[in-house]
Engineer: 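Once you've had a glance at the structure underneath, I'll fire off some questions.
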Protein chains: 2
Amino acid sequence: MKEGPDISRVAALIGDPARANMLSALMDTRARTAGELSAEAGVTKQTASSHLAQLLDAGLVHRDVQGRHHYYRLAGPDVAAALEALMTLSDARAGRRLRAGPSDPSLRKARVCYDHLAGELGVLMFDRMTSGGWIGAADDALSVSDLGWKRLKQIGIESQDFEGTRRPQCRTCLDWSMRRYHLAGSGGNAVLERIFQNGWARRSKGSRAVVFTPEGEGRFRRWLEGSARRR
Amino acid sequence: MKEGPDISRVAALIGDPARANMLSALMDTRARTAGELSAEAGVTKQTASSHLAQLLDAGLVHRDVQGRHHYYRLAGPDVAAALEALMTLSDARAGRRLRAGPSDPSLRKARVCYDHLAGELGVLMFDRMTSGGWIGAADDALSVSDLGWKRLKQIGIESQDFEGTRRPQCRTCLDWSMRRYHLAGSGGNAVLERIFQNGWARRSKGSRAVVFTPEGEGRFRRWLEGSARRR
DNA sequence: GATATGGTTCGATTAGGATCGAACCATGAA
DNA sequence: TTCATGGTTCGATCCTAATCGAACCATATC
């Protein structure tokens with residue numbers, strides 16, 4: 001019967017509402033203190049401390065101690081991937097039974113998925129990149145094509161920045177709100193960072209939503225369009 | 001605080017060992033009766049019935065009633081994807097603390113992941129296909145290239161077989177034992193079916209392992225090599 | 001030193017849910 | 001009809017784990 005790894009242990013950890021809220025809050029790769037997380041989860045700090053100890057023990061989160069503050073963050077991209085897969089499931093199933101509403105519309109339009117862009121704009125970007133030939137299949141999974149590097153350079157991303165990184169440059173990630181793919185991996189991360197640095201958008205405080213300025217969204221879309229014409 | 005879908009509900013469902021065992025058993029897309037599943041999970045049929053009712057209510061499994069037999073199967077690929085993501089997590093974390101051993105070696109070499117091939121041979125196949133240019137990025141996610149269709153035809157897969165299917169032809173799926181990608185989607189499914197039809201391998205009874213014959217594994221590898229030379 | 005604040009540990013309480021025995025229902029066979 | 005088998009429902013039991021009050025520890029500030 002017992003085949004492969006034991007899922008139930010880690011699933012049970014995520015199965016508690018308090019812990020699930022904490023993990024969801026950490027999905028944007030930013031670290032939080034234990035106190036902040038207890039507030040996110042809606043429990044006292046004692047309870048939160050207990051939960052965080054379990055998550056730490058299971059290796060789902062890392063802890064950085066700075067002075068009297070304990071900063072927690074997700075242990076890695078694989079944790080975020082599992083959470084995202086569960087969100088995809090939950091969203092599809094919930095939509096069927098009580099049509100949970102668009103939750104937060106801004107969250108569906110653009111949000112941070114671990115360290116890259118998700119939501120409508122994230123899916124749009126992935127579509128344009130693939131149809132325009134910016135990225136293609138290479139030795140392992142996806143990587144950026146020559147044309148892609150040209151386009152990325154337009155917004156300030158250089159290929160040298162990725163030398164020596166073992167992390168795959170591009171990865172697909174299934175979007176829970178769109179149920180289509182968007183771009184993950186270090187490539188996706190680089191684009192998101194650029195979007196912030198260029199002032200096209202900012203992180204919503206206390207939320208995973210990415211808020212584009214009208215100007216920024218226009219520039220972003222025009223940048224993507226540039227490739228569609230050369231299809 | 002409450003952002004996006006509620007993960008904890010579905011995670012808690014998977015978090016129970018009995019339910020996790022049932023779901024894991026169903027990962028090969030074959031349906032099982034309630035009785036079989038109760039045996040897989042190691043609980044009485046009353047308990048199993050209660051669990052299955054919950055899984056059914058949450059939309060994680062489907063039920064087909066045939067006579068007095070109730071056949072259960074996974075509700076869809078997204079459920080399998082979430083389970084796979086959790087396996088990836090569990091395997092990585094378990095390996096760190098007690099080096100859970102190779103579990104079942106045959107399982108690591110080749111196994112069924114929902115409806116496609118996973119394990120060492122599955123990852124090998126994906127590597128060869130991408131490095132050889134069989135598949136590439138297209139309008140949406142991955143799809144088969146002209147060269148790819150030629151190669152697939154060699155083993156009896158025709159492009160016409162995929163007309164009108166809305167399901168994406170190719171998808172990446174992270175392998176929990178290899179921690180690399182293998183080929184999922186209808187494309188991955190077609191290859192696996194062919195492998196069985198050609199008699200290269202058979203399903204291990206009562207396990208997700210895929211057992212290749214020496215002859216079959218040789219043919220499979222030689223088929224993949226054909227592309228690598230043309231790299 | 002004293003005091004405030006962020007976090008963890010301990011202990012007791014409580015509630016949710018997994019479990020199984022027994023009864024019950026439906027299908028199929030005799 | 002009677003009997004056997006596969007599944008579900010009901011009810012009672014039992015156990016785990018979430019929760020919080022209170023105490024305790026560590027870091028910072030005065």
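Throughout, protein chains are lettered first and strands after them, A, B, ... in sequence-line order, and every chain is numbered starting at 1.
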Engineer: Measure from CD1 on A:Ile14 to P on D:dA17 and round the result to the nearest Å.
Structural biologist: 16 Å
Engineer: Run A:Arg208 and A:Cys113 through side chain to side chain contact (heavy atoms under 4.5 Å, CB included) and show every step you take.
Structural biologist: CA-CA 8 Å; A:Arg208 286 172 57 202; A:Cys113 172; 4.3 Å; yes
Engineer: Give one of base, sugar-phosphate or nothing for B:Tyr71, where a contact means two heavy atoms less than 4.0 Å apart.
Structural biologist: nothing
Engineer: Regarding B:Glu217 and B:Lys109, does a basic nitrogen lie under 4.0 Å from an acidic carboxylate oxygen?
Structural biologist: yes
Engineer: DNA chain C: B:Gln66 or A:Leu52, which has the more 5' nearest nucleotide?
Structural biologist: A:Leu52
Engineer: D:dT27 phosphate, OP1 or OP2: any side-chain N/O from A:His70 under 4.0 angstrom?
Structural biologist: no
Engineer: Do the non-hydrogen side-chain atoms of A:Leu13 and A:Gln54 ever get within less than 4.5 Å of each other?
Structural biologist: yes
Engineer: When you match B:Arg63 and A:Ser50 each to their closest nucleotide on DNA chain D, which lands nearer the 5' end?
Structural biologist: B:Arg63
Engineer: Going by atom type alone, with no hydrogens or angles, which donor-acceptor pairs under 3.5 Å involve a side-chain atom of residues 197-204 of chain B and a protein atom two or more places apart or on another chain?
Structural biologist:
| from | atom 1 | to | atom 2 | distance (Å) |
| --- | --- | --- | --- | --- |
| B:Gln197 | OE1 | B:Arg194 | NH2 | 3.3 |
| B:Asn198 | OD1 | B:Arg194 | NH1 | 3.4 |
| B:Arg203 | NH2 | B:Asp28 | O | 3.0 |

Engineer: For A:Lys45 and for A:Gly67, find the nucleotide of DNA chain D with the closest heavy atom, then tell me which residue's nucleotide is more 5'.
Structural biologist: A:Lys45
Engineer: Reading DNA chain C 5' to 3', which nucleotide is the first, and which the last, to come under 4.0 Å of any heavy atom in chain B?
Structural biologist: C:dA18 to C:dG28
Engineer: Between B:His70 and B:Thr33, does the side chain to side chain contact (heavy atoms under 4.5 Å, CB included) criterion hold? Intermediate values first, please.
Structural biologist: CA-CA 5 Å; B:His70 292 202; B:Thr33 65; over 6 Å; no
Engineer: Mind checking if B:Gln54 touches a base, just sugar-phosphate, or nothing, with heavy atoms under 4.0 Å?
Structural biologist: sugar-phosphate
Engineer: Can B:Asp175 and B:Arg108 be counted as an ion pair, charged N to O under 4.0 angstrom?
Structural biologist: no
Engineer: For A:Gln46 and D:dA17, give me the distance from atom CD to atom C1', rounded to whole Å.
Structural biologist: 16 Å
